Amino acid sequence: MRVYDTLSREVSAVLASNGEFVRIYCCGPTVYRDAHVGNLRTFLLADLVQRTLAFSGVKSRLVQNITDVGHMSEDFEEDKIIAQSKLEKKDPYSVAREYEARFHQDCRALNIKPADAYPRASECIDLMIDSITKLIANELAYQGEDGSVYFDATRFPSYGALSGNRLDALKPGHRYEFTEGGAKRFHADWALWKAAGARSEMIWETPWGRGFPGWHIECSAMSLKYLDGRVDLHIGGIDLRFPHHEDERAQSNSLITEGGEAVSLWLHGEHLLFEGRKMSKSSGNVVLVSDVAARGIDPLAIRFCFMENRYRSQMDLSWNSIQAAHLVLERWRKAYQGWLKSPINQSERVNQLVAEIASAFNNDLDTPRAMISLRGIERSDLEDGEKRALFEALDALFGLDLLKEREAKRLTNEAEALLEKRKEARANRDFKSSDQLRDELALLGIEVRDTSEGQEWSWKIN
RNA sequence: GGUGGAGUGGCCGAGAGGCGAGGCUCGGGACUGCAAAUCCCGCUACACGGGUUCAAAUCCCGUCUCCACCUCCA
């Protein structure tokens with residue numbers, strides 16, 4: 001498998017440097033709110049990598065962190081989790097655990113396979129303290145007058161290589177926390193450990209005083225620990241390229257003893273726009289998995305839409321395209337149930353198509369091309385047994401639940417009775433009342449249609 | 001201001017010098033008591049201005065517009 005590497009700006013092979021399994025790290029959520037589908041697009045990227053590798057028989061280990069402390073709000077005053085806990089009037093840890101559970105639930109809804117480990121920042125404080133101690137000992141970090149510990153950006157010569165920023169071109173911006181009289185020596189230095197100040201929650205004792213970790217150090221500490229000192233592939237959203245990953249690279253490269261790059265490949269997913277604007281809280285266009293489900297749309301329609309676009313292009317999502325994807329998914333699942341009547345036929349053409357699609361995935365996750373091939377199957381001149389073989393072979397790769405039978409959704413007694421009455425009315429050719437019953441069912445969100453095999457129904461989507 | 005990306009039919013989107021992907025919507029037809037579903041048919045597009053070429057959505061030059069990043073973010 002090959003992917004586009006942000007550092008070298010080339011498409012490069014994903015390799016298991018330990019000869020056994022590919023070590024993958026993906027920046028996970030900060031659990032102070034629900035993940036929106038834009039966040040999930042990045043998490044899907046890790047899933048697609050995992051599935052592609054597994055499909056080719058390559059083993060991998062994926063670690064994804066849960067940031068439950070240290071991620072500061074815009075004003076640099078308040079921790080995001082603590083701010084939310086004040087809003088909800090709850091303990092910060094219970095807020096974090098709640099949103100973490102919902103993150104897992106949302107991933108499941110999109111068929112994003114779980115990572116092998118989900119270390120929490122608050123439970124890896126010792127790792128971070130060890131890392132910071134090492135950086136101070138090597139004179140790459142220093143303690144400022146404010147008691148916080150900072151990484152000395154000037155001591156890391158290739159700083160900026162990942163993001164394309166040059167240290168001398170980085171100007172202190174208006175959103176920037178640096179002030180001339182502040183504790184940092186240089187405007188691009190960043191906090192590894194922050195002094196507690198007035199803060200009383202989520203703080204720890206350290207050799208350099210009481211406080212809490214900076215955001216960037218957690219990923220260095222956890223990735224190197226949980227992946228045994230080396231990362232073959234690091235995944236994250238494009239916005240993390242700078243400063244988060246730039247800083248992480250400086251830290252991690254400084255921490256590994258054997259030198260070189262701690263991370264072999266950096267894979268960045270582009271942003272999701274919704275109706276023309278970047279999906280974000282501040283734009284007010286956030287869409288959650290629960291919003292999709294509430295409209296009666298299968299959340300996998302979102303996955304479908306994502307896969308029709310290349311991960312490193314910005315994509316614009318809309319309710320229109322989500323609905324279109326939903327309809328196609330439903331049609332395919334129904335078609336597959338029909339193909340089941342034919343015996344499976346693993347023909348040469350089937351094998352060839354599977355190989356073609358797998359190679360699209362392997363080629364820098366060219367899922368749009370793979371989706372084109374998948375779309376072609378339904379109306380192709382292949383036999384039903386061949387179509388069946390294809391769907392069965394490919395479902396593990398696409399993760400779209402193509403083999404799923406439409407679940408028998410729970411009907412209320414009322415709806416059940418109406419359906420029964422309508423069946424009778426139709427048997428008696430009493431079309432007037434059957435039409436009226438159809439309208440009544442529509443009000444309950446149920447759509448009925450009559451086929452040669454009798455009355456069928458489905459839930460309407462909004 | 002700096003950097004990166006993009007403009008394709010009503011909408012979403014592949015394609016990257018020559019036979020107009022596909023999907024959704026819409027219109028017509030078949031089927032149906034009607035409708036729905038399904039199937040068949042139709043809707044002929046590449047931001048603008050130049051240029052290269054026998055041939056440009058695709059290559060070159062210029063212009064316009066949009067989006068993102070530049071110390072909050074997936």
Side-chain angles (χ1 to χ4, degrees), chain A residues 6 9 26-30 33 35-46 67 71-76 78 80 153 160 163-166 169-178 184 187-191 215-216 235-244 246-247 268-273 275-283 304-305 308-328 330-331 334-335 338 366 368-369 371-376 378-379 426 429-432 434-435 438-439 442 447-452 455-458 460:
Chain A
T6 307
R9 276 141 241 255
C26 179
C27 280
T30 301
R33 58 157 168 77
H36 57 65
V37 296
N39 302 127
L40 290 163
R41 187 184 184 202
T42 303
F43 305 146
L44 175 68
L45 184 53
T67 299
H71 201 155
M72 305 304 275
S73 305
E74 276 129 273
D75 54 9
F76 294 101
E78 185 87 282
K80 291 189 177 201
S163 59
N165 285 315
R166 283 180 319 161
L170 275 177
K171 284 183 294 189
H174 64 281
R175 295 192 299 189
Y176 179 60
E177 60 186 307
F178 178 74
K184 286 189 197 179
H187 65 80
D189 294 352
W190 64 93
W215 178 37
H216 312 307
I235 301 172
I238 189 68
D239 52 321
L240 297 186
R241 186 186 40 181
F242 188 84
H244 185 59
E246 195 70 72
D247 293 353
H268 287 111
E270 253 296 354
H271 274 141
L272 176 71
L273 314 180
E275 287 166 351
R277 291 244 139 225
K278 187 173 101 166
M279 184 174 289
S280 66
K281 218 174 175 179
S282 48
S283 306
F304 188 108
C305 290
E308 289 212 287
N309 291 268
R310 199 71 175 270
Y311 74 89
R312 57 188 165 98
S313 307
Q314 283 170 14
M315 73 168 281
D316 194 4
L317 194 66
S318 64
W319 284 114
N320 249 345
S321 48
I322 298 170
Q323 246 170 47
H326 174 88
L327 291 173
V328 174
E330 292 276 282
R331 200 180 67 222
K334 200 173 163 197
D366 194 350
R369 186 174 288 275
M371 289 298 284
I372 289 166
S373 303
L374 185 64
R375 292 193 106 117
E378 185 188 15
R379 293 200 163 94
R426 274 186 47 78
R429 300 188 66 79
D430 177 2
F431 297 121
K432 196 172 173 210
S434 94
D435 286 356
R438 180 163 61 200
D439 291 343
E447 211 165 43
V448 286
R449 58 185 154 271
D450 305 301
T451 71
S452 51
Q455 174 177 285
E456 261 184 21
W457 67 273
S458 60
K460 282 202 292 199

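Everything numeric in this text was worked out from a predicted model, so none of it was measured. Each chain gets a letter, A, B and so on, in the order the sequences are listed, and its residues count up from 1.
Thr451(A) comes within contact range of no nucleotide atom at all, as no heavy-atom separation falls under 4.0 Å. Among the protein residues, Arg331(A) comes within range of the sugar-phosphate backbone only, with heavy atoms under 4.0 Å from sugar or phosphate atoms but none that close to a base. Within the nucleic acid shown, Arg41(A) has no heavy atom closer than 4.0 Å to any nucleic acid atom. Contact annotation for Arg9(A): no contact, since no heavy-atom pair falls under 4.0 Å across all strands. Using a 4.0 Å heavy-atom distance criterion, Gly236(A) is classed as a sugar-phosphate-only contact.
The side chain of Arg449(A) has A36(B) as its nearest neighbour among G23(B), A36(B), C73(B). Proximity note for Arg429(A) (side chain, C-beta onward) versus A36(B), C12(B), G33(B): the nearest is G33(B). You'll find that the side chain of Leu327(A) is closest to U25(B), out of G4(B), C72(B), U25(B). Side-chain proximity of Asp450(A) to G22(B), A68(B), A35(B): nearest is A35(B). Listed nucleotides: C69(B), A36(B), G4(B). Nearest to the side chain of His271(A): C69(B). Closest contact between the side chain of Arg426(A) and the listed nucleotides A68(B), C72(B), C34(B) involves C34(B).
The separation between Leu45(A) atom CG and A74(B) atom P is 15 Å, rounded to whole Å. Summarising the geometry, the separation between CG on Leu40(A) and P on A74(B) is reported as 11 Å, rounded to the nearest angstrom. Spacing between atom CD of Glu308(A) and atom C1' of G22(B) amounts to 8 Å, rounded to whole angstrom units. Rounding to whole angstrom units, CG of residue Leu272(A) and P of C67(B) are separated by 15 Å. As rounded to whole Å, 18 Å separates atom P of G2(B) from atom CZ of Phe242(A). Computed from coordinates, the Asp435(A) CG to A36(B) C1' distance equals 12 Å when rounded to whole Å. Atom CZ in Arg312(A) sits roughly 17 Å away from atom C1' in C69(B) (whole-Å rounding). Look at CD on Glu330(A): it is 15 Å from C1' on C24(B), rounded to the nearest Å.
Contact of the Tyr311(A) side chain with the His268(A) side chain is not registered, since no non-hydrogen atoms from C-beta on lie closer than 4.5 Å. Side-chain contact between His36(A) and Asn39(A) is present, with heavy atoms from C-beta onward closer than 4.5 Å. Residues Glu308(A) and Pro368(A) form no side-chain contact, since every pair of their non-hydrogen atoms from C-beta on lies 4.5 Å or further apart. By the 4.5 Å heavy-atom criterion applied to side chains, Leu273(A) and Leu317(A) are not counted as neighbours. Two residues are said to be in side-chain contact when any heavy atoms from C-beta on lie closer than 4.5 Å; Ile238(A) and Arg312(A) fail this criterion.
Both distances falling under 3.5 Å, in either a Watson-Crick or a G-U wobble arrangement, occur for no nucleotide opposite A36(B). Checking G4(B) for Watson-Crick or G-U wobble geometry (two distances, each under 3.5 Å) identifies C67(B) as its partner. Remark: G22(B) base-pairs with C12(B); criterion is Watson-Crick or G-U wobble with both hydrogen-bond distances under 3.5 Å. Across all strands shown, C46(B) forms no Watson-Crick or G-U wobble pair with both key distances under 3.5 Å.
Look at Asn309(A) and you'll find a side-chain N or O under 4.0 angstrom from OP1 or OP2 of A14(B). Considering only side-chain N and O atoms, Arg369(A) lies nowhere under 4.0 angstrom from the phosphate OP1 or OP2 of A16(B). Residue Arg379(A) has a polar side-chain atom (N or O) positioned under 4.0 Å from OP1 or OP2 of C39(B). Regarding contacts with the backbone of C73(B), a side-chain N or O of His71(A) is found under 4.0 angstrom from either OP1 or OP2.
In this structure, Cys27(A) and Ile372(A) both approach RNA chain B, and ranking their closest nucleotides by distance from the 5' end singles out Ile372(A). Heavy-atom distances to RNA chain B give each of Asp247(A) and Met279(A) a nearest nucleotide, and the one nearer the 5′ end belongs to Asp247(A).
Separation of the C1' atoms belonging to C64(B) and A47(B) is 8 Å when rounded to the nearest angstrom. A distance of about 12 Å separates the P atoms of G28(B) and A36(B), rounded to the whole Å. When the C1' atom is used for both C46(B) and G13(B), the distance is 12 Å, rounded to whole Å. Using atom C1' as the reference point in both A56(B) and G50(B), the two lie 14 Å apart (nearest Å). With both ends at atom P, the span from G15(B) to G2(B) equals 31 Å, rounded to whole Å. Separation of the C1' atoms belonging to C26(B) and C66(B) is 28 Å when rounded to the nearest angstrom. Straight-line distance between the C1' atoms of C60(B) and C24(B): roughly 37 Å, to the nearest whole Å. Separation of the C1' atoms belonging to G51(B) and C12(B) is 33 Å when rounded to the nearest angstrom.
A salt bridge links Arg449(A) with Glu456(A); the closest basic N to acidic carboxylate O contact falls under 4.0 Å.
The base of A36(B) is not paired with the side chain of Arg438(A) by any donor and acceptor separated by under 3.5 Å. Contact of Asp239(A) with C72(B) (side chain to base): no donor-acceptor pair of N or O atoms is detected under 3.5 Å. No N or O donor and acceptor, one from the side chain of Arg241(A) and one from the base of C69(B), sit under 3.5 Å apart.
Not a single donor-acceptor pair under 3.5 Å links the side chain of Arg438(A) to the backbone N or O of Val448(A).
Taking Asp430(A) as the reference, nothing meets the salt bridge (Lys or Arg N to Asp or Glu O under 4.0 Å) condition, with sequence neighbours excluded.
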